[in-house]
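As the structure is a prediction and not an experimental result, all values here were calculated from the model.
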Amino acid sequence: DYAIRGLVATPGSEAALLELIKKKEISPKILAHAAYESKLKEAEPFLLEWSETADADTRKAIFKALSVCGSSASLSAAAKEEGYEWSKDKEATAAYLNLLDNLIENGERERAVKAGKKLLKNDKAYLRGAALDIILLAQGAEGMLYVRSALRDRDIEVRNGALHSVSAF
């Protein structure tokens, strides 16, 4: 574990870390943490593969790593994992929302907006509010249509969040 931390902290060690990930001679949980810390985008296919058979703790580490190094290829697996339920044990919802932010940063705005629109239909107010933030981050002023809709939401938290979001414009 300490050796991996040292490797992650060493500038230019991404290729060596990727080789360790490919060989999977170390615990996938530790490797997922390393991928998270180094934001190693090349680790995504390996993380997705491991997620299919991993235990709960390892899955938590994997989806946290995918939140910073995943692309739109990770969206369906992340959405399935998080199930839009907040759980301190899984923390998958936070990872999913971070993944959407990451998609926007990497130019995959349309995919993030599409996922955000799906979240707008969720029963949970915090997810509808987060979806509005994702859409506005991706679309800017073009997303004001969704703000207007959120101002008519049944939940006051969503309405207040929409008003807060407008202040950025």
Side-chain angles (χ1 to χ4, degrees), residues 8 17-18 21 24 27-140 142-147 149-150 153-162 164-165 168:
V8 168
L17 180 57
L18 185 59
I21 289 171
K24 194 181 164 186
S27 158
K29 181 179 175 182
I30 292 172
L31 292 172
H33 282 299
Y36 171 78
E37 292 297 329
S38 63
K39 297 181 174 130
L40 187 64
K41 297 197 180 304
E42 294 85 358
E44 180 183 30
F46 302 100
L47 293 167
L48 286 170
E49 179 183 325
W50 300 343
S51 74
E52 296 172 6
T53 58
D55 62 48
D57 283 343
T58 303
R59 288 177 68 82
K60 179 179 170 182
I62 288 170
F63 284 100
K64 184 177 179 181
L66 286 171
S67 76
V68 296
C69 61
S71 68
S72 58
S74 299
L75 270 180
S76 63
K80 178 181 173 188
E81 173 69 11
E82 70 90 23
Y84 310 127
E85 293 290 335
W86 177 255
S87 164
K88 288 184 179 180
D89 296 335
K90 284 185 4 181
E91 296 179 11
T93 299
Y96 183 74
L97 295 171
N98 286 337
L99 175 59
L100 295 179
D101 281 340
N102 191 36
L103 291 179
I104 293 168
E105 288 178 22
N106 292 325
E108 294 187 69
R109 294 178 182 277
E110 295 305 316
R111 293 297 302 258
V113 168
K114 184 177 179 183
K117 287 178 182 178
K118 285 182 182 178
L119 288 176
L120 283 174
K121 298 172 186 170
N122 196 283
D123 290 339
K124 292 163 185 58
Y126 70 92
L127 283 174
R128 292 193 309 276
L132 180 62
D133 289 342
I134 294 291
I135 291 169
L136 289 174
L137 183 62
Q139 292 185 333
E142 293 175 24
M144 285 300 161
L145 171 70
Y146 298 98
V147 172
S149 177
D153 194 276
R154 64 187 176 275
D155 194 297
I156 192 165
E157 290 179 23
V158 175
R159 294 190 306 265
N160 287 340
H164 185 270
S165 297

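Other residues, nucleotides and ligands contribute more than 12 heavy atoms inside 6.0 Å of the CG atom of Leu145. Applying the 6.0 Å contact sphere to OH of Tyr36 captures no more than 12 heavy atoms from other residues, nucleotides or ligands.
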### Query
Checking side-chain contact (heavy atoms from CB on, under 4.5 Å) for the pair Leu40/Leu17: CA distance, chi angles, key distance, verdict?
CA-CA 9 Å; Leu40 187 64; Leu17 180 57; 4.1 Å; yes
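Atom CZ in Phe63 sits 7.0 Å away from atom CG in Leu48 (nearest 0.5 Å). For the atom pair CG of Leu103 and CD of Glu105, the computed distance is 9.5 Å after rounding to the nearest 0.5 Å. Taking CZ of Arg128 as the reference point, atom CG of Asp155 lies at 5.5 Å (rounded to 0.5 Å).
Considering only residues two or more places apart in sequence or on other chains, Lys24 meets the side-chain hydrogen bond (donor to acceptor under 3.5 Å, both in side chains) condition with none of them. Applying the salt bridge (charged side-chain N to carboxylate O under 4.0 Å, His left out) criterion to Asp133, with sequence neighbours excluded, gives no partner residue.
Within the 3.5 Å criterion, the main-chain N or O of Leu100 finds no donor-acceptor partner in the side chain of Arg111. Judged by distance alone, the side chain of Glu44 and the main-chain N or O of Ser71 form a donor-acceptor pair under 3.5 Å. Under the 3.5 Å distance criterion, the side-chain polar atoms of Asn106 are left unmatched by any main-chain donor or acceptor of Glu108.
Residues Trp50 and Leu31 are in side-chain contact: their nearest non-hydrogen atoms beyond the backbone lie under 4.5 Å apart. For the pair Leu120/Tyr146, a side-chain contact is recorded, criterion being any heavy-atom separation below 4.5 Å from C-beta on. Contact of the Val158 side chain with the Leu132 side chain is not registered, since no non-hydrogen atoms from C-beta on lie closer than 4.5 Å. The closest side-chain heavy-atom distance from Lys41 to Asn102 is below 4.5 Å.
For the residue pair Asp57 and Lys29, the shortest heavy atom distance occurs at CB-NZ, 3.9 Å. Taking every heavy atom of both residues into account, Ala95 and Ser67 meet most closely at O-CB, 3.1 Å. The two residues Gly70 and Ser74 have their closest heavy-atom pair at CA-OG, 3.7 Å.
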